[in-house]
Amino acid sequence: MKIMITGIGGVGGYIASVLCANYDDVTLIARRKRKESLQTKGLVVHSDFFGDHTAHPAVTDDPASAGIQDVIFVCVKNYSLEAALTAVLPCIGDDTIVVPVLNGFTYHDTAAALMKRGKIVDSAIYITSSYKEDYSIRQEGRFARIYIGSDDADATKKVYGILNHPGLTCCIAENITVEIWRKFILNCAYNVLTAYYRTSIGGALSQLHGREEFRALLQEAYDVGKAAGVPLPDDIVDDQYDRILGSDDMDATSSLERDIAAGHQSELDTFSGALIRLARQYGVPVPMSEKCYRALV
Ligand SMILES: NC(=O)C1=CN([C@@H]2O[C@H](COP(=O)(O)OP(=O)(O)OC[C@H]3O[C@@H](n4cnc5c(N)ncnc54)[C@H](OP(=O)(O)O)[C@@H]3O)[C@@H](O)[C@H]2O)C=CC1
Ligand SMILES: CC(C)(CO)C(=O)C(=O)O
């Protein structure tokens with residue numbers, strides 16, 4: 001089984017670590033100092049859920065040299081997807097499965113437009129993980145859950161078999177579009193509000209109007225999804241709201257908050273930006289999302 005992972009940051013580094021513990025032929029695609037660090041020190045992961053692991057897989061910045069792969073995980077930010085996927089196109093044969101592991105609801109179409117060969121299995125991941133200055137990976141919290149799905153049942157089953165190991169809870173989604181939107185609705189509230197207040201979810205919710213704002217952001221994203229024809233269950237907003245308010249992990253932040261706090265490029269456009277564009281298309285009011293977007297852009 002030839003497995004490639006491109007994007008060895010918080011998510012990709014973690015998934016790669018789980019895969020390295022179970023497969024021999026794993027290739028990481030990384031660039032510059034990250035590549036050098038991975039080659040010399042290995043892939044170092046410190047995880048609350050998976051434990052501490054160091055692996056020494058192949059690492060290259062020349063994907064074509066690794067040849068055609070069975071499965072390729074693409075774990076970059078949305079703004080890097082085209083470049084990262086274009087670089088691995090020489091490794092995609094007719095039977096190669098590409099698994100984009102990104103937030104947002106637009107990555108499938110971006111990937112499909114670039115790929116002339118291969119199949120796509122979509123995903124939605126719940127994890128809190130980031131890379132540190134020394135390129136090690138730190139995963140926090142006692143969960144790392146990934147939902148997968150596609151029109152191709154065999155491809156989905158194959159990816160399930162590859163991912164379902166200690167360190168990852170893998171679930172085949174009944175409807176992956178719904179799971180992607182369930183996650184997107186959460187991101188439009190959780191990521192955006194933590195970034196807006198530059199704090200943890202507990203810090204954001206304890207602001208004067210934090211809870212109402214969190215709920216309003218969930219509701220707006222839900223309304224847009226419904227208007228766009230996504231078959232979302234009625235209880236998503238209540239469910240997400242209750243789950244986050246009842247969570248025992250109030251110190252958690254989001255990838256958007258961490259990127260904005262660190263002065264990195266962010267996925268604001270993947271969340272509020274994409275939501276606002278779709279809201280305009282369907283005539284759905286999203287005032288709270290617009291307010292946060294204006295403050296963060
Ligand atoms: N982190 C988290 O806890 C969660 C993140 N997500 C989502 O997962 C996705 C990935 O996020 P995350 O892991 O946090 O991102 P990170 O910023 O931690 O990592 C992205 C990685 O992609 C690499 N990269 C960028 N461009 C290329 C390229 N052209 N070729 C090869 N590698 C490239 C970067 O390396 P370089 O330094 O070379 O640019 C970096 O290692 C995002 O959509 C995010 O929203 C979802 C749930 C939780
Ligand atoms: C929902 C959350 C906060 C954790 O999975 C996330 O998706 C992110 O940090 O981007």
Side-chain angles (χ1 to χ4, degrees), residues 4-17 27-38 43 45 47-49 59-63 72-89 91 99-107 110-111 114 123-133 135-141 143-147 169 179-180 182-195 200-201 204 214 218 221 240 243-244 247 249-262 264-271 274:
M4 176 176 277
I5 302 108
T6 184
I8 313 301
V11 167
Y14 184 84
I15 291 177
S17 175
T27 303
L28 312 187
I29 305 304
R31 319 179 284 189
R32 303 185 280 265
K33 288 196 173 150
R34 188 186 305 273
K35 178 192 78 175
E36 283 162 28
S37 173
L38 289 165
L43 172 62
V45 170
S47 163
D48 293 345
F49 188 55
V59 184
T60 180
D61 58 8
D62 175 19
I72 303 178
F73 293 89
V74 183
C75 308
V76 296
K77 293 279 171 48
N78 276 269
Y79 50 78
S80 306
L81 178 55
E82 289 195 20
L85 186 55
T86 301
V88 301
L89 287 178
C91 310
V99 187
V101 189
L102 293 87
N103 275 326
F105 65 88
T106 57
Y107 67 75
T110 307
L114 283 171
S123 78
I125 190 166
Y126 292 82
I127 188 170
T128 304
S129 186
S130 52
Y131 69 83
K132 300 298 160 202
E133 252 177 54
Y135 301 111
S136 65
I137 308 296
R138 174 76 180 104
Q139 180 275 327
E140 293 170 78
F143 65 93
R145 182 179 310 113
I146 186 163
Y147 292 87
T169 309
E179 287 313 323
I180 287 169
R182 192 192 299 276
K183 180 80 202 291
F184 179 66
I185 290 167
L186 180 66
N187 289 138
C188 284
Y190 192 116
N191 294 40
V192 171
L193 205 64
T194 51
S200 63
I201 187 63
F214 182 67
L218 287 173
Q240 301 278 40
R243 208 167 54 76
I244 297 302
S247 153
D249 199 4
M250 284 293 159
D251 292 336
T253 61
S254 67
S255 52
L256 184 70
E257 191 280 328
R258 291 190 292 276
D259 280 340
I260 289 180
H264 294 159
Q265 189 173 356
S266 89
E267 289 186 307
L268 181 64
D269 189 67
T270 299
F271 304 128

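As the structure is a prediction and not an experimental result, all values here were calculated from the model. In each ligand, atom 1 is the first atom listed, and ligand 1 is the first ligand listed.
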Exercise. Check S254 against ligand 1 and report side chain, backbone, both or neither, counting heavy atoms closer than 4.0 Å.
Key: neither

Exercise. Identify the protein heavy atom lying closest to atom 9 (O) of ligand 2, giving its residue, its atom name and the separation to 0.1 Å.
Key: S255 N, 2.8 Å

Quiz item: Are any of the heavy atoms in K183 under 4.0 Å away from ligand 2?
Solution: yes

Practice problem: Answer with side chain, backbone, both or neither: which part of V101 has a heavy atom less than 4.0 angstrom from an atom of ligand 1? | Solution: backbone

Exercise. With heavy atoms only and a cut-off of under 4.0 Å, state how T6 meets ligand 1: side chain, backbone, both or neither.
Key: side chain

Exercise. Go through ligand 1 atom by atom and flag the ones less than 4.0 Å from a non-hydrogen atom of R258.
Key: 1 (N), 2 (C), 3 (O)

Quiz item: Can you tell which part of Y126 has a heavy atom less than 4.0 Å from ligand 1: side chain, backbone, both or neither?
Solution: neither

Exercise. Check each heavy atom of S255 against ligand 1 and say whether those closer than 4.0 Å belong to the side chain, the backbone, both or neither.
Key: side chain

Quiz item: For ligand 1, which atoms, with element, lie under 4.0 Å from some heavy atom of N78?
Solution: 43 (O)

Quiz prompt | Per-atom contacts, ligand 1 versus E267 - under 4.0 Å to a heavy atom | solution = 42 (C), 43 (O), 44 (C), 45 (O)

Quiz prompt | A87 to ligand 1, any heavy atom closer than 4.0 Å | solution = no

Quiz item: Quick one: do E36 and K33 make a salt bridge, cutoff under 4.0 Å?
Solution: no

Quiz item: So between N187, L256, T194, whose heavy atom ends up nearest atom 6 (C) of ligand 2?
Solution: N187

Quiz item: Does the side chain of E257 pick up a donor-acceptor pair with the side chain of T194 at under 3.5 Å?
Solution: no

Quiz item: Going by atom types alone, do S130 and R138 pair a side-chain donor with an acceptor below 3.5 Å?
Solution: no

Exercise. Taking only heavy atoms of I125 into account, list the atoms of ligand 1 that are under 4.0 Å away from them.
Key: 46 (C), 47 (C)

Quiz item: Side chain, backbone, both or neither: which part of R138 comes within less than 4.0 Å of ligand 1 when only heavy atoms are counted?
Solution: neither

Quiz item: What atoms of ligand 2 come closer than 4.0 angstrom to any heavy atom of I127?
Solution: 4 (C), 5 (O)

Quiz item: Looking only at heavy atoms of Q139, does any of them come nearer than 4.0 Å to an atom of ligand 1?
Solution: no

Quiz item: Once the angle between the rings of Y126 and Y147 is folded into 0 to 90°, is it parallel (under 30°), tilted (30 to 60°) or perpendicular (over 60°)?
Solution: perpendicular

